[in-house]
Novice: 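My questions will all concern the structure given below.
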Amino acid sequence: MKSPAVRVAVAYLVSAVVGAVIIGSFVGALHHPVPHAVPLAVVGQGAGELERAAAGAVEARPYGDVASARTAVLRREVEAAYLAGEGRLLVASAGGDTAAPHFAATMRRATGRDLAVEDVRPLSEGDSSGVSGMFYVLGLLLAALATTVLTMRMAPMMNRALRLAVLALGAVTGGLALTWVVDGLLGALTGAPFALLGVSCGVIFLVSVAVNGLMRRFGPRGVIAAAVLFIPIGLPASGGPFGAAFIEPWYAALGYVLPTRSALELVRSVVYFDGAALATPLTVLGLWAALGLVLMALPPRAMPRPAAPAPAAVPVAGAAPGAH
């Protein structure tokens with residue numbers, strides 16, 4: 001059996017490793033945003049020529065006119081649009097406000113022109129820093145984790161259908177509370193309260209189904225793995241306030257398959273972009289929920305049972321003590 005000193009040393013070591021992972025993930029991903037193959041609509045100039053000049057910073061896509069390029073930005077098909085004939089750059093800061101100045105500077109260097117920047121979809125006054133969506137998604141993920149753990153702890157033998165109903169009820173409750181706080185109370189993510197409510201309830205429910213399956217199959221380790229993947233890894237891998245195109249590509253690729261980035265894209269889309277580009281994030285979240293359903297259908301992990309104590313010796317009637 002380990003001594004108290006060894007247990008304390010191990011606890012300190014684990015704490016240090018966890019802290020290092022969290023700091024390394026967040027700071028490593030977000031401390032120096034640099035554009036990587038940013039989808040860019042180009043009007044009036046060769047796309048290949050601009051890509052070469054930008055040295056990998058953009059993925060240029062030719063568009064025939066200004067109107068179609070602007071529409072592509074608003075539909076979230078591209079991050080920005082370069083209008084060569086007018087010397088203008090169209091950006092949508094609601095999709096990553098902090099990154100917009102960095103990208104504009106990159107485009108000025110690539111084109112050699114002092115471009116005028118037009119923000120076609122700015123952030124709201126209550127979300128001027130652009131971080132509200134990221135922290136809101138953190139709240140949604142924490143609500144999903146809490147809903148799952150509480151449900152499993154309070155009613156571990158609940159059948160699957162009833163468990164899904166309870167998770168749905170928890171998702172509606174959490175969605176109502178979080179939407180009221182971020183929209184009605186704080187005024188941070190405003191303009192589409194009912195759409196935001198629907199997204200909030202959906203994210204909490206789909207993530208809680210996934211976590212429920214992991215917990216049922218792998219026990220507490222499943223919840224811990226989900227929490228680590230979705231929060232200290234998933235949040236920075238989503239690109240946070242910058243957008244996925246402004247962090248290292250390998251980390252952004254990891255973010256594409258995690259529910260965190262999809263949840264953030266859903267929130268931004270319904271609040272700022274009239275519900276554009278919902279299919280991909282909904283598909284990712286749906287696949288995670290499908291994984292949870294499959295794991296819920298499998299037999300639960302067998303827990304090791306403690307060994308039964310050896311039966312006590314029963315003295316034979318009439319036998320003398322010490323007799324053989």
Side-chain angles (χ1 to χ4, degrees), residues 24-124 127-134 235-256 261 264-265 268-269 272-273 276-277:
S25 182
F26 276 94
V27 178
L30 305 178
H31 78 290
H32 183 53
V34 177
H36 300 280
V38 177
L40 175 74
V42 179
V43 180
Q45 181 177 339
E49 177 187 350
L50 183 58
E51 280 190 355
R52 288 190 294 273
V58 301
E59 178 189 302
R61 304 174 185 178
Y63 280 76
D65 53 59
V66 174
S68 60
R70 180 186 293 268
T71 300
V73 174
L74 295 175
R75 289 180 177 174
R76 312 208 71 190
E77 297 170 3
V78 294
E79 295 287 337
Y82 171 52
L83 313 179
E86 303 178 14
R88 266 195 305 154
L89 182 67
L90 307 183
V91 300
S93 61
D97 179 63
T98 314
H102 299 280
F103 185 61
T106 299
M107 288 299 298
R108 290 187 179 106
R109 289 193 298 268
T111 60
R113 303 173 66 179
D114 187 16
L115 302 175
V117 179
E118 178 186 349
D119 195 346
V120 298
R121 191 51 54 88
L123 289 159
S124 65
D127 184 30
S128 58
S129 64
V131 300
S132 298
M134 183 180 72
L235 274 178
S238 72
F242 304 116
F246 290 85
I247 63 174
E248 288 297 323
W250 69 269
Y251 212 30
L254 177 61
Y256 280 111
R261 181 180 185 272
L264 181 56
E265 292 300 314
R268 284 176 174 160
S269 291
Y272 290 114
F273 294 92

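Excluded from the calculations below are hydrogen atoms, water molecules and symmetry mates; all remaining heavy atoms, backbone and side chain alike, are included.
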Novice: Rounded to the nearest 0.5 Å, how far does OH of Y256 lie from CZ of R261?
Specialist: 4.0 Å
Novice: Find out whether V78 and R61 are in side-chain contact, i.e. whether some heavy atom of one side chain is under 4.5 Å from a heavy atom of the other.
Specialist: yes
Novice: Going by heavy atoms in the side chains, are R121 and F273 under 4.5 Å from each other?
Specialist: yes
Novice: Is any side-chain heavy atom of V120 less than 4.5 Å from a side-chain heavy atom of V91?
Specialist: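 Heavy-atom side-chain distance check fails, nothing below 4.5 Å.
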Novice: Rounded at 0.5 Å granularity, tell me how far OG in S129 sits from CG in L123.
Specialist: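 So the OG of S129 and the CG of L123 are separated by 8.0 Å.
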Novice: Give the minimum heavy-atom separation between S93 and P122, together with the two atoms involved.
Specialist: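 Smallest heavy-atom distance, with atoms named: OG-CA, 3.3 Å.
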Novice: Donor-acceptor pairs are to be reported for all side-chain atoms of residues 63-71 against protein atoms at under 3.5 Å, with residues two or more places apart or in another chain.
Specialist:
residue, atom, partner, partner atom, Å
D65, OD1, A67, N, 3.2
D65, OD1, S68, N, 2.7
D65, OD1, S68, OG, 3.0
S68, OG, D65, O, 3.0
R70, NH1, E118, OE2, 3.2
R70, NH2, E118, OE1, 3.4
R70, NH2, E118, OE2, 3.2
T71, OG1, A67, O, 2.9

Novice: So, do L83 and L89 sit near enough that their side-chain heavy atoms are less than 4.5 Å apart?
Specialist: no
Novice: Looking only at heavy atoms, which two atoms of V27 and H31 are closest? And how far apart?
Specialist: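 Closest pair (atom of V27, atom of H31, distance): O-ND1, 2.7 Å.
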Novice: Drop me the distance from I247's CD1 to S238's OG, to the nearest 0.5 angstrom.
Specialist: 7.0 Å
Novice: Ignoring hydrogens and geometry, is there a side-chain-to-backbone donor-acceptor pair from R108 to L115 under 3.5 Å?
Specialist: yes
Novice: Which atom names give the shortest non-hydrogen contact between A94 and Y272, and what distance separates them?
Specialist: CB-CG, 3.4 Å
Novice: Do V58 and M107 touch side chain to side chain, with heavy atoms closer than 4.5 Å?
Specialist: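 When only atoms from C-beta onward are counted, M107 and V58 do touch, with a gap below 4.5 Å.
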Novice: Holding to side-chain contact (heavy atoms from CB on, under 4.5 Å), I want the full list of residues that pass it with R268, two or more places apart in sequence or in another chain.
Specialist: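 R268: side-chain contact (heavy atoms from CB on, under 4.5 Å) contacts with R76, L264, E265.
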Novice: For the CE atom of M134 and the CG atom of L30, what is their distance to the nearest 0.5 Å?
Specialist: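 Reported value, rounded in 0.5 Å steps: 7.0 Å.
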Novice: Identify all side-chain donor-acceptor contacts of residues 32-57 below 3.5 Å with residues at least two apart in sequence or on another chain.
Specialist:
residue, atom, partner, partner atom, Å
H36, NE2, V34, O, 3.3
E51, OE2, A60, N, 2.8

Novice: Take atom CZ of R113 as the centre, draw a 6.0 Å sphere, and report whether it contains more than 12 heavy atoms from other residues, nucleotides or ligands.
Specialist: yes
